[in-house]
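The structure under discussion appears below in the form of structure tokens.
This one's a predicted model, so the numbers in the text were calculated from it and none came from an experiment. Computed from heavy atoms alone, side chains included, the values below leave out hydrogens, waters and symmetry copies.
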Amino acid sequence: SRAGEERMGDDYTAREEQGLREALGMGDIPTCPRCAGTLLTTPVRPPPGVPYVRHRVLLQCPSCGRRAVVDREPKP
């Protein structure tokens, strides 16, 4: 496969995940890059005892069933 188009199982490619991160960073409601469905966003809580905090979000498409967990920049 070409660079940036690696498959993530049956989910999004690395390039598609990057686009989702960028949409979140701009404050947009992300849409599925495959079927254009509106993605559901669910914050992922870090496990207890983790010395660092990552702000992650689970994105799920109710239309095609694809999902991704992406890092999100914390709100100022």
Can you tell if the side chain of Ser63 reaches within under 4.5 Å of the side chain of Cys32, non-hydrogen atoms only? no
Can you give me the closest heavy-atom contact between [X] and [Y], atom names plus distance?
X	Y	answer
Arg72	Val57	CD-CG2, 3.6 Å
Cys61	Gly37	SG-CA, 4.4 Å
Arg21	Ala14	NH2-O, 4.5 Å

Using side-chain contact (heavy atoms from CB on, under 4.5 Å) as the criterion, point out the one residue from Leu40, Asp11, Leu39 that pairs with Arg67. Asp11
Is the closest side-chain donor-acceptor distance between Arg15 and Gln18 under 3.5 Å? no
From OG1 (Thr31) to CG (Leu59), nearest 0.5 Å: 10.5 Å
